Amino acid sequence: MNNNFSKLKDLVMSLEGDFEKFYDKGNAAAGTRVRKGMQDLKNMAQDIRKEVQDMKNSTAEKK
C-alpha cells in the first residue's frame with residue numbers, strides 16, 4: 001500500500017509544473033497533460049480504494 005501512496009504523491013507533484021503553465025501562462029498543451037494526469041490520478045485513487053476495501057472485507061471475514 002505504501003508504494004501505491006508514494007506513486008500517487010509522485011504523480012501529483014509531477015503535475016505541478018503543468019498546472020502552472022496552464023493556469024498562469026495559458027499553455028493549452030499543458031492543459032492536455034493536466035487532464036491526462038488527473039485521469040491517471042482518478043484511476044490510481046480508485047485502485048487504492050478497491051485495495052483498501054478488499055483488505056477491510058478480508059479482515060472482517062477473519063473475525
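What you see is a predicted model; the values in this text were computed from it and never measured.
- Two residues are said to be in side-chain contact when any heavy atoms from C-beta on lie closer than 4.5 Å; Thr32 and Lys36 fail this criterion.
- Expressed to the nearest 0.5 Å, how far CG of Asp18 lies from CG of Asn27 amounts to 8.0 Å.
- Using a 4.5 Å heavy-atom cutoff, the side chains of Met44 and Leu11 are in contact.
- When all heavy atoms are compared, the tightest approach of Gly31 to Phe22 is CA-CD1, 3.3 Å.
- Looking at Val52 and Ile48, their side chains come closer than 4.5 Å, going by heavy atoms from C-beta outward.
- Scanning for side chain to side chain contact (heavy atoms under 4.5 Å, CB included) contacts around Gln46 gives Arg49, with sequence neighbours left out.
- Here the straight-line distance linking atom CD of Gln53 with atom OG of Ser58 works out to 10.0 Å at 0.5 Å rounding.
- Annotation: salt bridge (Lys or Arg N to Asp or Glu O under 4.0 Å) contacts of Lys56 (sequence neighbours excluded): none.
- Here the side chains of Met38 and Phe19 are in contact, with some heavy-atom distance below 4.5 Å.
- One finds the CG atom of Asp40 at 12.0 Å from the CZ atom of Arg35 (value rounded to the nearest 0.5 Å).
- Two residues are said to be in side-chain contact when any heavy atoms from C-beta on lie closer than 4.5 Å; Glu51 and Asp47 fail this criterion.
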